[in-house]
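Here is the structure we will look at, set down as C-alpha cells.
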Amino acid sequence: MMNSKDKHKADSKDNLETLRHSAAHILAQAVKELYPETKLGIGPAIADGFYYDFERKTPFTLEDLAKIEERMQRIVKAALPFLKSVLSKQDALEIFSELEEPYKLELLEDLENDEVTIYRQGNFTDLCRGPHLANTGELKSFKLLSIAGAYWRGSEKNPMLQRIYGTAFPGEVELAEYLQNLEEAKKRDHRRLGKELDLFSLEEDVGPGLVLWHPRGAMLRKVIEDFWRDEHLKRGYQLVYTPHIAGENLWKVSGHLDYFREMMYPSMRMDERNYLLKPMNCPFHIRIYKQKVRSYRDLPIRYAELGTVYRYERSGVLHGLLRVRGFTQDDAHIFCTPEQLSKEILSIIDLIQFMLEAFGYKEFQVELSVRHPDRSGDYLGDDEGWARAEAALVESLDKRNLSYTVGEGEATFYGPKIDIKLVDALGRGWQGPTIQVDFNLPGRLNITYVGDDGKKHPVMMLHRTVLGTMERFVGGLIEHYVGAFPSWLAPLQIRVVTINQGQEAYAKKVLQELQEKGLRADLDAGKETISYKIGKAEREKIPYILVAGDREVEAGTVSVRKRKDRHQKVMKVEEFIDRIQEEIKNRE
RNA sequence: GCUGGCGUGACUCAAUGGUAGAGUACCUCACUUGUAAUGAGGCUGUUGGGGGUUCGAUUCCCUCCGCCAGCUCCA
C-alpha cells in the first residue's frame with residue numbers, strides 16, 4: 001500500500017515528467033518556427049531531461065542551439081495553452097499528412113487503437129498521449145544541452161535523425177544544482193582520475209581499447225585478483241589457465257565462427273594451420289571437462305579463470321576502461337546436473353552479492369533476460385529446458401529478495417541470463433556480473449556425465465562472471481571511490497614524510513618496518529616543505545601520511561594523518577601498524 | 001559502424017595566413033622547513049599522420065588516424 005508520502009513522491013515524479021515532456025514540445029515548436037522544413041521524430045521525457053528527434057538536411061550547430069533556446073523563451077512568455085483533442089486515427093492521418101510529417105504518419109499507422117490524442121500549442125501540433133502542462137508559461141527553468149545523432153526508432157537500418165537534448169526543472173535552483181552535479185561528476189570520471197593517479201593509460205600506437213596498466217593500477221588489480229582467487233577457492237571453484245589463441249577448429253566446433261565471427265580478430269596462419277585470438281574462455285574450459293568421463297558424483301565442476309579475451313568492438317563504442325577490446329573476464333564455467341542448477345545459481349548470486357558488497361556497492365540494478373515470447377524459434381534448446389532455467393533464475397532472485405527488471409527478448413540465443421549493471425559517474429549503466437544458462441555448447445560439443453543409471457546425460461552448463469571484467473570493474477571502482485580507495489585496496493597505503501633531512505634515517509627505519517609487515521608504503525624525504533609534501537600526498541589520495549619530525553624521532557613515534565583529516569594523532573609505529581592492519585582485514 | 005564536435009610540449013590550456021606562448025610537471029641552485037603547493041633560473045614542441053591551396057599553413061581545403069558526446073551493440 002502506498003502511504004501519503006510515497007504518493008506525493010510519485011506525483012512529483014509524474015509532474016517532472018510532464019514538465020519535461022512539455023519542454024520537448026516547446027523545443028519542437030521552436031525548431032519548426034525557425035526551420036519549417038524540419039520533420040519531427042519523437043520527443044519524450046527521459047531520466048535527466050528530455051529530447052526531441054528531428055530530420056533536417058543541414059545539421060544543427062551550437063549556435064543554432066542558442067537561437068532555439070531563445071525562441072523557446074519567447075514561446076514560454078506567450079503562455080500558450082496546451083490543447084488536447086481526441087480524434088479518430090483517420091482524422092489524425094489527414095492532419096499529419098497535411099503537415100507533411102512522414103515520421104508521425106508512420107507512428108500513427110502502427111497504432112492499433114482507433115482513437116488517438118493530439119496536442120496543440122499555438123500553431124504547433126503533435127501526436128501525443130500527454131499529459132502536458134496547462135500552458136507553455138509554466139515551463140520556468142530549462143536548458144538545451146547537446147546535439148547527437150540517433151537512429152529513427154533505434155534501428156541502425158533506419159535513417160539517422162538529429163537529437164537535441166535538454167533538461168528542465170521546476171525552478172532555477174534545481175537546474176543550477178543539476179548542472180553543477182554534472183560538473184562534479186566529470187571530476188569523478190575514471191579516465192581523468194586514471195591519468196591523475198597514474199593508474200592506467202590507453203595509447204594510440206598500442207591500439208584503441210588496449211589498456212596499459214601502470215604500477216599503481218596493476219597493484220590495485222592484483223589486490224582485487226588475490227581477493228577474488230581466495231574467495232573462489234573457498235567456494236569450491238578450481239582455477240585453470242588457458243591459452244590466448246587456439247586453432248580454428250576449436251572455434252568452428254563451438255559455433256563462434258558462425259555466431260561471433262564479426263567480434264573476432266582475423267586469423268593468423270602458422271605451420272599450415274589457422275589460429276584465432278580468443279574472444280571467450282568457454283571452449284577451453286569445456287575441453288578440460290572433456291578430458292575425462294565425468295560421473296554424476298564429480299559434479300558440480302566449477303572452473304574459474306581470469307581469462308584475457310579480445311573482441312573487435314566497433315570504434316564508436318570504446319570508452320576508457322569501461323569498454324575496451326582486450327579485457328580480462330573473471331570467468332567461470334559450471335558443469336552440473338539439472339537438479340543442481342538452482343543451487344548453483346543461488347550460490348553464484350551469493351558470491352556476486354558478497355563481492356560487490358566487499359567493494360562498497362550497496363545496491364545494483366538486476367535484469368533478468370528471457371526469451372521473446374513470440375519468437376521461440378530463434379532460440380536453441382527445448383521449451384522445457386528454457387522454462388526450467390528461467391524458473392531457476394527467478395527462484396534464486398526471489399530467494400534473495402532481489403528486485404529486478406525483466407528484459408523480454410534480451411536473452412542470448414543459447415539461454416536466459418541474469419545481468420547486473422554497474423552505474424558510472426554520469427549515470428550510465430554498464431553490464432558487469434552475469435549468470436548465463438547455456439543450452440548450446442553442451443549439445444554442440446557433446447558434454448555429458450554418467451548418471452546413476454550408468455547412462456550418459458547432457459550436462460547443464462553455466463557461464464558466469466562476478467565482477468564482469470577487470471577493466472570495467474576497476475574503471476567503475478575508480479568512479480565509485482572517486483579515486484580515494486580504502487586502505488585494503490589503495491595501491492599505496494602509506495607515505496612516510498620527513499620535515500627536514502635530519503629525520504631521514506629514522507624515516508627509513510619506519511618505512512622498513514611497514515614494508516616488512518606487508519604494508520604498501522613509500523618515503524618522501526625530499527627537500528620541499530612539509531606543506532608541499534602533504535599536499536602532494538593528498539592529491540595522490542594516499543590513505544595515510546606518517547610524518548617523522550624531530551619530536552617523533554625523539555619519542556620513537558609517528559604523526560599519523562588520515563586522508564582528508566587535518567587532525568593528526570601521534571602514536572608508536574607498532575600501534576599504527578595494528579590499527580591499519582585491522583582496517584585492512586575488515587576491508588573498511 | 002553512424003551523426004556531430006575536437007586534436008597545440010608529459011598534463012591543463014592560449015595564439016596568429018608570416019615557422020608558437022602561459023601555468024603545472026621536470027631539471028638546477030638557494031632555503032632545512034611541523035601538516036594541502038618557498039623562491040629564482042633552466043629544459044621541453046615535426047601544432048595527430050599524409051596530401052592540397054598559397055610566396056608562406058599550426059591556422060583554409062581533402063583524406064586517414066585517434067579522442068569526446070549520443071545512437072546502435074556489449075563484459
Side-chain angles (χ1 to χ4, degrees), chain A residues 51 53 58-62 145-165 186 189 191-192 195-196 198 201-209 262-263 279-280 307 309 311-325 327-331 410 412 419-422 426 428-434 436 463-473 475-476 497-504 526-540 545-552 559-568 570:
Chain A
Y51 67 79
D53 287 343
T58 36
F60 292 112
T61 63
L62 250 54
L145 297 171
S146 58
I147 313 156
Y151 297 110
W152 169 240
R153 295 191 141 183
S155 167
E156 60 183 327
K157 294 188 183 76
N158 288 337
M160 183 165 265
L161 308 180
Q162 294 184 68
R163 176 171 297 179
I164 297 179
Y165 281 94
K186 281 181 193 156
D189 192 311
R191 290 167 298 183
R192 177 186 179 132
K195 198 176 279 177
E196 283 173 8
D198 198 13
S201 62
L202 293 148
E203 212 233 332
E204 203 172 326
D205 282 342
V206 177
E262 73 282 6
M263 297 290 283
M280 293 189 192
V309 299
R311 296 184 189 171
Y312 177 77
E313 297 286 345
R314 301 205 280 178
S315 61
V317 305
L318 299 174
H319 186 93
L321 288 184
L322 297 182
R323 189 79 182 264
V324 291
R325 283 182 176 161
F327 51 91
T328 301
Q329 296 182 299
D330 69 310
D331 210 358
E410 297 290 313
T412 65
D419 290 321
I420 292 177
K421 279 185 180 155
L422 303 172
L426 288 169
R428 295 173 290 211
W430 300 87
Q431 190 181 314
T434 182
Q436 309 184 349
H463 307 249
R464 49 106 283 186
T465 64
V466 299
L467 302 176
T469 68
M470 299 314 294
E471 286 73 12
R472 184 170 283 180
F473 190 73
V497 166
T498 56
I499 291 176
N500 65 46
Q501 312 226 283
Q503 300 106 19
E504 192 170 341
K527 299 197 300 178
E528 295 82 7
T529 62
I530 182 70
S531 288
Y532 176 87
K533 293 183 200 174
I534 298 283
K536 189 167 186 298
E538 286 285 353
R539 282 191 298 279
E540 289 177 54
I545 303 170
L546 304 190
V547 177
D550 286 339
R551 291 203 294 269
E552 287 76 18
S559 169
V560 177
R561 179 184 164 125
K562 199 172 169 148
R563 182 173 51 206
K564 288 176 97 173
D565 184 356
R566 286 158 194 272
H567 305 288
Q568 6 0 110
V570 178

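Only heavy atoms go into these numbers, but all of them, side chains included; no hydrogens, no water, no symmetry mates. Here is the naming used below: chain letters follow the sequence lines, and residue numbers restart at 1 for every chain. The structure displayed is predicted, hence computed values, not measured ones.
Heavy atoms only, all atoms of each residue included: A:Pro208 and A:Arg325 are closest at O-CD, 3.6 Å. Residue A:Gln162 comes nearest to A:Pro59 through the heavy atom pair OE1-CA, 3.1 Å, listed as atom of the first residue, atom of the second, then distance. The nearest pair of heavy atoms linking A:Glu552 to A:Val570 is OE2-CG2, 4.4 Å. Scanning all heavy atoms of the two residues, the minimum distance from A:Ile530 to A:Thr498 falls at CD1-O, 4.1 Å.
Taking atom C1' in both B:rG48 and B:rG9, one finds a spacing of 14 Å when rounded to whole Å. Remark: the separation of the C1' atoms in B:rG49 and B:rU12 is 24 Å, to the nearest Å. Straight-line distance between the C1' atoms of B:rG1 and B:rA15: roughly 37 Å, to the nearest whole Å. Taking the C1' atom of each, B:rU16 and B:rU72 are spaced 41 Å apart, rounded to whole Å. As rounded to the nearest Å, B:rC11 and B:rG18 have P atoms that lie 27 Å from one another. Separating the C1' atom of B:rU19 from that of B:rU28 is a span of 30 Å, rounded to the nearest Å. On the C1' atoms, B:rC13 is 36 Å away from B:rA75, given to the nearest whole Å. Between B:rC71 and B:rU58, the distance separating the two C1' atoms is 33 Å to the nearest Å.
Nearest to the side-chain atoms of A:Arg428 among the listed nucleotides B:rA69, B:rA75, B:rG34 stands B:rA69. Among B:rC65, B:rA36, B:rA75, the nucleotide with an atom closest to any side-chain atom of A:Glu204 is B:rC65. For A:Lys195, taking side-chain heavy atoms from C-beta onward, the closest of the listed nucleotides B:rA36, B:rU12, B:rA75 is B:rU12. Residue A:Tyr151 has its side chain nearest to B:rC2 when only B:rU35, B:rC2, B:rG34 are considered. Closest to the A:Asn500 side chain, of the nucleotides B:rG34, B:rU32, B:rG70, is B:rU32. Minimum atom distance to the side chain of A:Ile499 is reached by B:rG34, of the listed B:rA36, B:rG34, B:rU35. Closest contact between the side chain of A:Tyr532 and the listed nucleotides B:rG34, B:rA37, B:rA69 involves B:rA37. Relative to the side chain of A:Pro59, the nucleotides B:rG70, B:rG4, B:rG1 differ in distance, and B:rG4 lies closest. In this structure, of B:rC67, B:rA36, B:rG34, it is B:rA36 that holds the atom nearest to the side chain of A:Ile534. Taking only side-chain atoms of A:Glu552, from C-beta outward, the nucleotide of B:rA75, B:rU35, B:rG34 with the closest atom is B:rG34.
Base engagement by A:Ser559 is indicated by at least one non-hydrogen atom pair under 4.0 Å involving a base atom. Within 4.0 Å (heavy atoms only), A:Glu313 reaches at least one base atom of the nucleic acid. Here A:Gly502 lies out of heavy-atom contact (under 4.0 Å) with every strand. No contact: A:Val497 has no heavy atom under 4.0 Å from any strand. Among the protein residues, A:Tyr165 comes within range of the sugar-phosphate backbone only, with heavy atoms under 4.0 Å from sugar or phosphate atoms but none that close to a base. When heavy atoms are screened at a 4.0 angstrom cut-off, A:Arg314 is found touching base atoms of the nucleic acid. Nucleic acid contact class of A:Thr529 (heavy atoms, under 4.0 Å, all strands): base. Backbone-only contact: A:Gly432 has heavy atoms under 4.0 Å from sugar-phosphate atoms and none from a base. Note on A:Asp550: a base of the nucleic acid sits closer than 4.0 angstrom, heavy atoms only.
In terms of phosphate contacts, A:His319 brings a side-chain nitrogen or oxygen within less than 4.0 Å of OP1 or OP2 of B:rA69. A close approach under 4.0 Å does not occur between any side-chain nitrogen or oxygen of A:Arg539 and OP1 or OP2 of B:rC11. In this model, the phosphate group of B:rA69 is not approached by any side-chain N or O of A:Ser146 to a distance below 4.0 Å at OP1 or OP2. Between A:Tyr312 and B:rG1, a side-chain N or O to OP1/OP2 separation shorter than 4.0 Å is present.
In this structure, A:Leu318 atom CG and B:rU72 atom C1' are separated by 14 Å, rounded to whole Å. In this structure, the CD atom of A:Gln162 is 11 Å from the P atom of B:rU3, given to the nearest Å. Counting to the nearest Å, the P atom of B:rA30 and the CD atom of A:Gln501 are 12 Å from each other. Per the geometry, CD1 belonging to A:Ile147 stands 8 Å off P belonging to B:rG5, to the nearest Å. Distance A:Arg561 CZ to B:rA36 P: 5 Å, rounded to the nearest Å. In this entry the distance linking CZ of A:Arg323 with P of B:rC71 reads 12 Å, nearest Å. Rounded to an integer number of Å, the gap from A:Leu145 CG to B:rG70 P is 11 Å. We find that CZ of A:Arg325 is positioned 7 Å from P of B:rG1, with the value rounded to whole Å.
Of all nucleotides present, none satisfies the Watson-Crick or G-U wobble test against B:rG45 with each distance under 3.5 Å. Of all nucleotides present, none satisfies the Watson-Crick or G-U wobble test against B:rU16 with each distance under 3.5 Å. Look at B:rG23: its Watson-Crick or wobble partner, with both distances under 3.5 angstrom, is B:rC11. When Watson-Crick and G-U wobble pairs are counted only if both distances are under 3.5 Å, B:rC67 pairs with B:rG5.
Under 3.5 Å, the side chain of A:Arg472 and the base of B:rC74 form at least one donor-acceptor pair of N or O atoms.
The 5' end of RNA chain B is approached more closely, in terms of each residue's nearest nucleotide, by A:Met160 than by the other of A:Met160 and A:Glu410. Residues A:Asp419 and A:Val560 both approach RNA chain B. Their nearest nucleotides, taken by heavy-atom distance, put A:Val560 toward the 5′ side.
Without hydrogens or angle criteria, A:Glu156 side chain to A:Gly154 main chain gives no donor-acceptor distance under 3.5 Å. The main-chain N or O of A:Leu322 is found under 3.5 Å from a side-chain atom of A:Arg472 such that the two form a donor-acceptor pair. Within the 3.5 Å criterion, the main-chain N or O of A:Val466 finds a donor-acceptor partner in the side chain of A:Asp330.
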Going through the distances and angles, do A:Tyr151 and A:Leu161 end up as a side-chain contact (heavy atoms from CB on, under 4.5 Å)?
CA-CA 6 Å; A:Tyr151 297 110; A:Leu161 308 180; over 6 Å; no
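When each of A:Arg561, A:Lys562, A:Lys533 is tested with A:Glu538 by the rule salt bridge (Lys or Arg N to Asp or Glu O under 4.0 Å), just one qualifies, namely A:Arg561.
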